[in-house]
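For the numbers below, each heavy atom of this structure counts, side chains included, while hydrogens, waters and symmetry mates do not.
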Amino acid sequence: MKYNFYFVHGWSFEQSFWDPVKKMIKENNLSKNLISVDLHYFSKNVENYYNFTSEKKNIFIVHSYGLNWFLKKKIRCKALINFFGSPDFINLQLNPLKATMKIDRMIETIDLKPEDVIKKFYKLCNINYEKKKIFNIKNLKKSLIDLRSENLLTPFLNSKNKVLSIYSLNDKVFCFKKEKVLKLKNENHQVKIFKNYDHGFPLNNPSVCFKIIKKFISEI
């Protein structure tokens, strides 16, 4: 079966984040449709309409804050593949207090120096920063506040969707406590933990990312 793939990027990224992976999915003839969701961090906030009704044919692939977006939409789908997204960004960290302080600094600074904040974040992700023409401060700031305050563990754990979550011990953004993350596993949810990948993994390693997606899709 060919699926509709929906791609959701993480905080301070754009739709193009997923382009290398989307290209491989298209070249391997796995998709019926490839749709990128725009969270409008570097464009004007225009409401987008997406048709999520074909549940059994829809695969969602999310990165980082994209998981928060997905969970709040209460989407039913064939499967969700989650790269480095946390349903409780603060409390699953190795050091929740340190993580809170980092986000607080970002929230305090984003109004006046958005480019400085995003450059530092890209460096943590091991991704080269390219100058942006527009900064949607409202959306950038709101998503940071969401990451600081939201706990979406209950809808995540109660989801009937098939889920694969990918994490890495080298991630400098979501520095998670391994024991806590492994507790997310249940009959619907697989968790795989790698050692050496960074937070920008899907963009930096699209071929590995594609292989993970292809294998999981073949098993559902």
**Message:** Walk me through whether L34 and N4 qualify under side chain to side chain contact (heavy atoms under 4.5 Å, CB included).
**Reply:** CA-CA 6 Å; L34 293 167; N4 302 313; over 6 Å; no
**Asked** What are the two closest heavy atoms between P20 and L203, and how far apart are they?
**Response** CG-CD1, 4.0 Å
**Message:** Within the structure provided, determine whether F70 and C77 are in side-chain contact (heavy-atom separation under 4.5 Å).
**Reply:** yes
**Prompt:** Does some side-chain heavy atom of I61 sit less than 4.5 Å from a side-chain heavy atom of I59?
**Reply:** yes
**Message:** Could you check whether any side-chain heavy atom of E14 comes within less than 4.5 Å of a side-chain heavy atom of K132, counting everything from C-beta outward?
**Reply:** yes
**Message:** What's the separation between atom NZ in K113 and atom CE in M106, rounded to the nearest 0.5 Å?
**Reply:** 14.5 Å
**Steps toward side chain to side chain contact (heavy atoms under 4.5 Å, CB included) verdict (N58, K78)** = CA-CA 6 Å; N58 291 347; K78 178 69 174 180; 5.7 Å; no
**Prompt:** Any chance the side chains of N95 and K177 put a donor and an acceptor closer than 3.5 Å?
**Reply:** no
**Message:** When you compare the side chain of L152 with that of K72, does any pair of heavy atoms fall below 4.5 Å?
**Reply:** yes
**Prompt:** Between the main-chain N or O of N91 and the side-chain N or O of K180, is there a donor-acceptor pair closer than 3.5 Å?
**Reply:** yes
**Item:** Where F89 and Q93 come nearest, the two heavy atoms and their spacing
**Value:** O-CG, 2.9 Å
**Asked** Could D146 and K142 be called an ion pair, given the rule that one side-chain N must be under 4.0 Å from one carboxylate O?
**Response** yes
**Message:** Within the 3.5 Å criterion, strictly below it, is a donor on K26 or S31 matched to an acceptor on the partner's side chain?
**Reply:** no
**Message:** Measuring centre to centre across the rings, with the benzene-like ring taken for any Trp, is F13 within less than 6.0 Å of H63?
**Reply:** yes
**Prompt:** Side chains of D198 and N204: donor-acceptor distance under 3.5 Å anywhere?
**Reply:** yes
**Prompt:** Looking at L184 and Y167, what are the two nearest heavy atoms and their distance?
**Reply:** CD1-OH, 4.0 Å
**Request:** Answer yes if F121 and I137 sit in the same cluster of Ile, Leu, Val, Met, Phe, Trp and Tyr residues linked by side chain heavy atoms under 4.5 Å apart, and no otherwise.
**Result:** yes
**Message:** As a test of understanding, state which of I134, N136, D38 forms a side-chain contact (heavy atoms from CB on, under 4.5 Å) with S43.
**Reply:** D38
**Message:** Please find the pair of heavy atoms, one from N186 and one from L157, that lie closest to each other, and give the distance.
**Reply:** ND2-O, 3.4 Å
**Message:** Other residues, nucleotides and ligands only: do more than 12 of their heavy atoms fall within 6.0 Å of CD on E179?
**Reply:** yes
**Prompt:** Any idea which heavy atoms bring F201 and I212 closest together, and the distance?
**Reply:** CZ-CD1, 3.9 Å
**Prompt:** Would K2 and N29 satisfy side-chain hydrogen bond (donor to acceptor under 3.5 Å, both in side chains), going step by step from the backbone distance to the final call?
**Reply:** CA-CA 8 Å; K2 291 185 180 181; N29 203 28; 3.0 Å; yes
**Item:** Student check: side-chain heavy atoms of N33 and F5 closer than 4.5 Å
**Value:** no
**Asked** So, the side chain of S149 versus the backbone of I145: is there a donor-acceptor pair under 3.5 Å, distance only?
**Response** yes
**Asked** Could you walk me through whether F83 and S64 pass the side chain to side chain contact (heavy atoms under 4.5 Å, CB included) check?
**Response** CA-CA 6 Å; F83 289 91; S64 193; over 6 Å; no
**Prompt:** With a 6.0 Å cut-off on ring centres, are F60 and Y6 close enough?
**Reply:** yes
**Message:** Is any side-chain heavy atom of I81 closer than 4.5 Å to one of F216?
**Reply:** yes
**Message:** Under 4.0 Å between a side-chain nitrogen and a carboxylate oxygen: does that hold for K215 and E219?
**Reply:** yes
**Message:** Students often mix this up, so state it plainly: with edges at 30° and 60°, are the rings of F7 and W18 parallel, tilted or perpendicular?
**Reply:** tilted
**Prompt:** Are F194 and L124 joined in one hydrophobic group, where the rule is that I, L, V, M, F, W and Y side chains link up if heavy atoms are under 4.5 Å apart?
**Reply:** yes
**Asked** Given S86 and D88, is the side-chain hydrogen bond (donor to acceptor under 3.5 Å, both in side chains) satisfied, shown in steps?
**Response** CA-CA 5 Å; S86 170; D88 187 358; 5.9 Å; no
**Asked** Roughly how far, to the nearest 0.5 Å, is the CG atom of N82 from the OG atom of S165?
**Response** 3.5 Å
**Prompt:** Mind checking whether V8 and L39 have side chains closer than 4.5 Å, heavy atoms only?
**Reply:** yes
**Message:** Check this for me: does any side-chain nitrogen of one of R148 and D104 sit under 4.0 Å from a carboxylate oxygen of the other?
**Reply:** yes
**Request:** With rounding to the nearest 0.5 Å, note down the distance linking CG in L92 to CZ in F176.
**Result:** 10.0 Å
**Item:** Connected via hydrophobic side-chain network under 4.5 Å: L94 and L153
**Value:** no
**Message:** I'd like to know if the side chain of Q190 and the backbone of L164 have a donor-acceptor N/O pair within less than 3.5 Å.
**Reply:** no
**Message:** Return the CG to OH distance between N128 and Y122, rounded to the nearest 0.5 Å.
**Reply:** 10.5 Å
**Asked** How many angstroms lie between atom CZ of F135 and atom OG of S12, to the nearest 0.5 angstrom?
**Response** 10.0 Å
**Item:** N170 versus Y197, closest heavy-atom pair with distance
**Value:** CB-O, 3.2 Å
**Asked** Is V62 close to F84 at the side-chain level, that is, under 4.5 Å between some pair of heavy atoms?
**Response** no
**Item:** L182 reachable from F174 in the ILVMFWY side-chain graph, under 4.5 Å edges
**Value:** yes
**Message:** Please report the interatomic distance CG(L140) to OH(Y65), rounded to the nearest 0.5 Å.
**Reply:** 11.0 Å
**Message:** Can you tell me which residue among I118, V173, N139 is in a side-chain contact (heavy atoms from CB on, under 4.5 Å) with W11?
**Reply:** I118
**Request:** Before giving the answer on side chain to side chain contact (heavy atoms under 4.5 Å, CB included), spell out for Y41 and H9 the whole-Å C-alpha distance, their side-chain angles and the decisive distance to 0.1 Å.
**Result:** CA-CA 10 Å; Y41 293 131; H9 59 83; 3.7 Å; yes
